[in-house]
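Notes for the one structure printed next.
Here, residue 1 is the first one in the sequence, and each next residue gets the next number. In each ligand, atom 1 is the first atom listed, and ligand 1 is the first ligand listed. Given the structure is predicted, the values throughout are model-derived calculations rather than measurements.
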Amino acid sequence: MTKISRNDPCWCGSGKKYKKCHMESDLQNVTHPPASMKPPKGIKIKTPEQIEGIRRSCRLTSEILDMVASQIREGITTDEINTWVHEYTIKHGAKPAPLHYNGYPKSVCTSINNVICHGIPDDTVLKDGDIINVDVTCILEGYYGDASRMFMIGSPSPVARRLVDVSLECMKLGIAEVRPYTDFGRIGHVIEKHAADNGFSVVRDYGGHGIGINFHEEPHVHHYDVGYRGLAMFPGMIFTIEPMINQGKYQTRLLADDWTAVTADGLLSAQWEHTLCVTENGVEILTA
Ligand code: MF3
Ligand code: CO
Ligand code: CO
């Protein structure tokens, strides 16, 4: 994978050119002692107190998805899912982050079949064979947790089931790349390979993101192979991995509501999301 040119900024975030920084040691295949690396500028390293707060928010996010999982079925509307999520979130002392976020009108995102992400709950009724992503973000004591899961209604087609399974595998493979002092570029590399091996494509117009103190923080996390190593991961970084995998082509189209992203070719899309924390030894899945 991962070509970085001599004059590109070094992947370690030093701000120096690659050739003036880690190029020589990379060529010699030297492993980098953490002491020689500084966290990239602009990415917040969370304190233990912040991590504990974000952990609690992520735990609630996961419980909200468990609640949705126990009730979702054929015949309900996406507005009903919105009501469940909104009321459960408030009852547990938190706020739904999507509501009024940049003008978003509801408390959760519900993305059915060809909808890639940011589907707005309405009077659409779930029907046999649908696949739907429910994406929940809550704010608990000022801290953000973000996760989404796919649900299958009745008996989706074989290809729909395979897309749901492969997109889950893609997220898990991406998470397996998270540990200190490796590169963000590895995430998209493994995800794109697994999607392509299964004949699917990876959405490029939306990605994962830093999170915790705000909804969307630096860095942007690519789910496709950008062809370079990207920034280095450091303990205390918190971000999401949330690959959107398309049955057909990766191109997207935005509906007139300015939120709903659909596949340009009208084929299916699936997505799973977790919020992750880089630890001293590896990764903690905060929304597990
Ligand atoms: N939860 C989405 C994400 O994973 C963001 C939704 S923004 C909203 O980043 F406004 F549509 F809710
Ligand atoms: Co997210
Ligand atoms: Co989300």
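Between Tyr206 and ligand 1 there is no heavy-atom distance shorter than 4.0 Å.
Annotation: the span from Trp272 atom CH2 to Asp165 atom CG amounts to 8.5 Å, rounded to 0.5 Å. Rounding to the nearest 0.5 Å gives a distance of 4.0 Å between CE of Met237 and CD1 of Ile43. Within the model, atoms CD1 of Ile238 and NZ of Lys46 stand 5.5 Å from one another, a figure rounded to the nearest 0.5 Å.
For atom 2 (C) of ligand 1, the closest non-hydrogen atom of the protein is Asp135 OD2, 3.4 Å. Protein heavy atom nearest atom 7 (S) of ligand 1, with residue, atom name and distance: Tyr101 CD2, 3.9 Å. Pro98 CB, 3.1 Å is the protein heavy atom nearest to atom 12 (F) of ligand 1. If you check which protein heavy atom lies closest to atom 3 (C) of ligand 1, you get Asp146 OD2, 3.4 Å.
Within the listing of ligand 1, atoms 8 (C), 10 (F), 11 (F) sit less than 4.0 angstrom from a heavy atom of Trp259. Below 4.0 Å from some heavy atom of Thr137 lie the following atoms of ligand 1, by number and element: 1 (N). Listed by number with element, the atoms of ligand 1 under 4.0 angstrom from any heavy atom of His209 are 3 (C), 4 (O), 9 (O). When each atom of ligand 1 is checked for a heavy atom of Glu273 under 4.0 Å away, the hits are 4 (O).
The minimum distance between the Co ion (ligand 3) and any N, O or S atom of Asp146 involves atom OD1. Atom NE2 is the N, O or S atom of His209 at the shortest distance from the Co ion (ligand 2).
Between His118 and ligand 1, a contact under 3.5 Å exists for no N or O pair.
Ring to ring, His216 and Tyr101 are close: their centroids are under 6.0 angstrom apart. When ring centroids are compared, Tyr250 and Tyr224 stay outside the 6.0 Å threshold.
Relative ring orientation between Tyr88 and His92 is described as parallel, the plane-to-plane angle staying below 30° on a 0-90° scale split at 30° and 60°.
Asp205 and Thr252 are linked by a side-chain donor-acceptor pair at a separation below 3.5 angstrom, with hydrogens and angles left out of the test. Side-chain N/O atoms of His209 and Glu242 include a donor and acceptor closer than 3.5 Å.
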Could you walk me through whether Ile112 and Leu126 satisfy the side-chain contact (heavy atoms from CB on, under 4.5 Å) test, starting with their C-alpha distance in whole Å, then the side-chain angles of each, then the deciding distance to 0.1 Å, before giving a yes or no?
CA-CA 9 Å; Ile112 303 174; Leu126 297 188; 3.7 Å; yes
Quick one: do Ser62 and His274 satisfy side-chain contact (heavy atoms from CB on, under 4.5 Å)? Show the steps, please.
CA-CA 9 Å; Ser62 175; His274 271 312; over 6 Å; no
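In summary, no N, O or S atom of Glu242 is located under 2.8 Å from the Co ion (ligand 3). Because the distance cut-off is set at 2.8 Å, His216 fails to qualify as a neighbour of the Co ion (ligand 2), as none of its N, O or S atoms comes that close.
An angle of 100° is found at the Co ion (ligand 3) between Glu273 atom OE1 and Asp135 atom OD1, rounded to 10°.
The residue among His216, Glu242, Lys106 with a heavy atom at the shortest distance from atom 4 (O) of ligand 1 is Glu242.
If you look at Cys109 next to ligand 1, the close heavy atoms, those under 4.0 Å, all belong to the side chain.
A side chain to side chain donor-acceptor pair (under 3.5 Å) with Lys106 is found for exactly one of Asp79, Asn82, Asp122, namely Asp79.
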